[in-house]
Amino acid sequence: MSGWQELKAERNRRSLVRLTRALPLLFPRAVLTRALARPFAPPTPRLAIESYWGAHPIRADRLARALAARSQAPDGWRWRLGDRRSGLPFTFRTPPAPFREHAHALGPGFCCVCSQPVYRFGWHIDLWGTGPNQNAVWHSACVVAWQFWNAPSSQIQLLRRLQSRRCAQSGGRLWRSAEVDHRVPLFRVWSEHRDTPWPLLLDFWGLPNLQVINRDIHAAKCATEARDRASRALSLLQTPNRAEARALQDD
Ligand SMILES: [Zn+2]
């Protein structure tokens, strides 16, 4: 073995010893199987779980939306935009998350994305009977789902594979320059679907509303959407709803 390979093998051996020592009797099997098969084993159970969800963003997206589906938005909550101080999102491109807003934060032990209890290692099931984890405000899965919802383009390779490398609009082969698109554009979610009850709203950021399409088709779709948006902003400017018109123009 070369020096580098020896170093790598030694580092991996130490990580496996650390992981095995720290591993509780009960641990999600799929996570452990993946951790042990890594060229660099994650050295702690928490890192093993984070690495598992990081490798499965679509599963994380589905789970985060399923967990959120067990919750309801707080009474009187509406999707609103605001500033950093209020904890409100400042653009409609950010997924609505009532429990991330300061007014509705549930505090440690509960996930700020889906509002369900967070258990040991950021897991979503209390496998250990230890109750909510008082040091956590995110599920490991919800961290990955949140990243995916905010930057779906970072998973374009995965999305391309899910579509068998076919353009979701034309059915033709996807070119290297293909792009990730929201089927229902987010400005329309904001202007036309704003009153969809949370957590159903989250589907607009998850896989159900995502597609990979070729760049020329995307450009044509964006041009049509931009025309719709401009005419909508114009009609809103002629009404008292100026704040909304500005939100559509600014983004
Ligand atoms: Zn969560």
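Indexing begins at 1, ligand by ligand and atom by atom, following the structure's order.
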One checks the Zn ion (ligand 1) and counts protein N, O or S atoms under 2.8 Å, reaching 4
| query | Are W128 and F121 close enough that their ring centres sit under 6.0 Å apart? | reply | yes
Is R120 close enough and on-axis enough to W123, meaning under 6.0 Å and within 45°, for cation-pi? no
The complete set of side chain to side chain donor-acceptor pair (under 3.5 Å) pairs with one or both residues in residues 143-157, sequence neighbours excluded, reads D61-W149
Query raised in the report: Parallel, tilted or perpendicular: which describes the rings of H139 and H124, with under 30° parallel and over 60° perpendicular?
Result: perpendicular
- For the side chain of K8 and the backbone of G3, is there at least one donor-acceptor N/O pair under 3.5 Å apart? no
- Item | E225 and R229 ion-paired at < 4.0 Å | no
